[in-house]
Amino acid sequence: MIYMNNAATSYPKPDCVAEAVTDVLNREPGDSYRGGHGQDTFAMLRGELADLLGVSQPEQIALGPNASWGLNTGIFGLPLKSGDCVVATKAEHNSVLRPLYRLRQRGVRVILLDTDETGRVKPELWAEAMRKYRPALAVFTHASNVTGAVNDAEAFCRAAKDAGARVLVDASQTLGFIPVKAENWNADMVAFTGHKYLLGPQGTGGLWVSPEVKLEPLLTGGTGIHSDMDTMPEEMPLHLEAGTGNEPSCAGLLAAIRWQKDNPLKRSEILSRADRLSGALERLGAKVILPQGERTPVISFLLPGITPEETGYILRESCDIVCRTGLHCAPKIFPCLGVPQTVRLSLSRFNTDDEVNEVIEAVEAIIP
């Protein structure tokens with residue numbers, strides 16, 4: 001099997017990930033608040049994530065089951081009211097769009113900005129929207145999961161803060177591949193997931209929240225301490241972390257991050273393979289969406305005379321190549337790209353030159 005669906009979930013994982021998950025499942029349970037035994041997996045994970053997120057206070061990182069949880073926590077945790085405005089982009093994932101649609105039902109004005117034909121939002125368009133709408137909240141994806149185009153997070157945060165907005169960055173497609181510098185950007189919140197470029201298990205993710213921002217918890221419940229309180233404790237991360245945490249998967253994510261510190265990512269090599277693949281697809285007559293500038297190793301394309309669904313089916317069933325087809329949970333971007341949907345190939349550090357060659361040969365064989 002050739003796996004090129006890493007923008008959805010990375011595969012394979014380093015061996016240490018499964019070993020760490022298994023170790024936690026096989027030993028006596030107990031995180032620092034509920035059992036009192038062993039090491040505090042969650043605290044160690046927050047420490048590693050703080051370095052990756054570019055933040056100085058690990059306790060400001062709330063851990064949850066995925067980036068969707070983090071995005072919902074950030075969006076619904078702010079005291080937005082009818083008449084307020086939220087600005088986001090048409091590159092957003094449904095994990096942003098659907099919470100915003102719910103806010104719209106409550107009377108919040110939602111503005112979605114166009115991308116260019118490669119999925120990137122022009123900084124001048126973003127800055128103009130900040131000045132025009134003066135939003136209470138600005139939300140943007142650091143990189144498009146459809147095209148890989150990376151937005152200028154520092155410029156976006158600066159323009160939003162100058163307009164008086166709180167800023168929520170979706171780093172699901174970049175953390176572990178493109179540097180994230182939350183404090184240097186002056187972001188207010190950064191949502192992330194653990195199962196993509198961080199190489200961790202599914203069921204991991206979270207939200208970093210600036211100490212200057214106070215959110216209402218998305219969930220309330222047990223915290224293991226302060227049990228006499230009627231409300232969630234005020235201190236972070238307990239304020240946002242109700243219920244028992246996913247210690248096995250968090251241990252797997254911790255192991256993955258530490259493995260990557262010992263095995264640094266060679267980003268240029270991955271992007272070089274992606275460039276070679278996208279160039280070959282273009283030469284074969286495919287319509288390839290090619291962002292200029294900074295990007296992730298994502299390739300969206302269409303073949304003449306064959307639908308994306310048919311392309312993906314043939315690649316999987318006849319060639320054992322795993323890709324993704326359709327709208328990729330980001331439906332608003334496609335009118336901006338000028339295509340109805342795409343086939344998406346997304347590479348990881350584990351894809352090889354030989355695999356790229358096999359994918360090129362497979363696509364050439366199925367072109368009508």
Is atom [atom1] of [X] surrounded by more than 12 heavy atoms (other residues, nucleotides or ligands) closer than 6.0 Å?
X: Glu364; atom1: CD; value: no
X: Arg109; atom1: CZ; value: no
X: Arg98; atom1: CZ; value: no
X: Glu124; atom1: CD; value: yes
X: Glu317; atom1: CD; value: yes
X: Tyr313; atom1: OH; value: no
X: Arg134; atom1: CZ; value: yes
X: Lys161; atom1: NZ; value: yes

Within one Ile-Leu-Val-Met-Phe-Trp-Tyr cluster: [X] and [Y], side-chain cutoff 4.5 Å:
X: Leu112; Y: Tyr133; result: no
X: Leu175; Y: Leu265; result: no
X: Trp69; Y: Leu168; result: yes
X: Val17; Y: Ile257; result: no
X: Leu198; Y: Val55; result: yes

Can you tell me how far the [atom1] atom of [X] sits from the [atom2] atom of [Y], to the nearest 0.5 Å?
X: Phe192; Y: Leu49; atom1: CZ; atom2: CG; answer: 4.5 Å
X: Leu238; Y: Met229; atom1: CG; atom2: CE; answer: 10.0 Å
X: Asp51; Y: Arg46; atom1: CG; atom2: CZ; answer: 14.5 Å
X: Glu212; Y: Asn186; atom1: CD; atom2: CG; answer: 7.0 Å
X: Arg258; Y: Asn263; atom1: CZ; atom2: CG; answer: 14.5 Å
X: Asn145; Y: His93; atom1: CG; atom2: NE2; answer: 5.5 Å

Take Ser278 and Leu290 through the side-chain contact (heavy atoms from CB on, under 4.5 Å) test and state the conclusion after the steps. CA-CA 8 Å; Ser278 60; Leu290 291 173; 3.6 Å; yes
Counting distance only, does the side-chain N/O of [X] pair as donor-acceptor with the main-chain N or O of [Y] below 3.5 Å?
X: Tyr197; Y: Leu199; value: no
X: Asn6; Y: Ser346; value: yes
X: Asp262; Y: Trp259; value: no
X: Lys196; Y: Ala8; value: yes
X: Thr174; Y: Phe177; value: no
X: Arg120; Y: Val150; value: yes
X: Thr325; Y: Val343; value: no
X: His239; Y: Pro233; value: yes
X: Gln173; Y: Ala7; value: yes

Judged by modelled atom types alone, do [X] and [Y] share a side-chain donor-acceptor pair under 3.5 Å?
X: Gln260; Y: Arg349; value: yes
X: Glu92; Y: Thr141; value: no
X: Thr22; Y: Glu19; value: no
X: Gln202; Y: Ser249; value: no

Note: [X]-[Y] ion pair, threshold 4.0 Å (strictly below):
X: Asp116; Y: Lys122; value: no
X: Lys287; Y: Glu282; value: no
X: Arg273; Y: Glu355; value: no

Check the pair Thr41 / Glu247 against side-chain hydrogen bond (donor to acceptor under 3.5 Å, both in side chains), numbers first and verdict last. CA-CA 7 Å; Thr41 300; Glu247 188 176 8; 3.3 Å; yes
Side chains of [X] and [Y], heavy atoms from C-beta outward: is any pair under 4.5 Å?
X: Asp162; Y: Met130; result: no
X: Arg344; Y: Val146; result: no
X: Val139; Y: Val86; result: yes
X: Phe156; Y: Asn151; result: yes
X: Thr342; Y: Ile289; result: yes

Can you see which heavy atom on [X] is nearest to which on [Y], and at what distance?
X: Ala143; Y: Thr296; result: CB-CG2, 4.0 Å
X: Asp114; Y: Cys336; result: OD1-SG, 3.7 Å
X: Gly200; Y: Leu253; result: CA-CD1, 3.9 Å
X: Ala165; Y: Pro135; result: CB-O, 3.2 Å
X: Ala171; Y: His142; result: CA-CB, 4.3 Å
X: Thr204; Y: Thr193; result: O-OG1, 3.4 Å

Please find out if less than 6.0 Å separates the ring center of Phe140 from that of Trp126.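 Yes, the ring centres sit under 6.0 Å apart.
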Is the Phe334 ring parallel, tilted or perpendicular to the His328 ring (thresholds 30°, 60°)?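 Ring orientation, 0 to 90° scale: tilted.
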Applying side-chain contact (heavy atoms from CB on, under 4.5 Å), run through Met4 and Leu277 and close with a yes or a no. CA-CA 12 Å; Met4 289 193 179; Leu277 179 52; 4.1 Å; yes
Stepwise side-chain hydrogen bond (donor to acceptor under 3.5 Å, both in side chains) check, Glu269 with Ser272: CA-CA 5 Å; Glu269 290 186 5; Ser272 177; over 6 Å; no
List for me each residue that meets salt bridge (Lys or Arg N to Asp or Glu O under 4.0 Å) alongside Asp23, sequence neighbours excluded, and say none if there are none.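 Asp23 satisfies salt bridge (Lys or Arg N to Asp or Glu O under 4.0 Å) with Arg27 once adjacent residues are dropped.
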Steps toward side-chain hydrogen bond (donor to acceptor under 3.5 Å, both in side chains) verdict (Asn357, Arg276): CA-CA 9 Å; Asn357 292 336; Arg276 190 161 66 85; 2.7 Å; yes
One pair to check against side-chain contact (heavy atoms from CB on, under 4.5 Å): Arg158 and Trp185. What are the steps and the verdict? CA-CA 7 Å; Arg158 181 171 58 251; Trp185 295 343; over 6 Å; no
Let me see the working for Gln60 and Ser210 under side-chain hydrogen bond (donor to acceptor under 3.5 Å, both in side chains), right down to the final yes or no. CA-CA 7 Å; Gln60 292 298 124; Ser210 166; over 6 Å; no
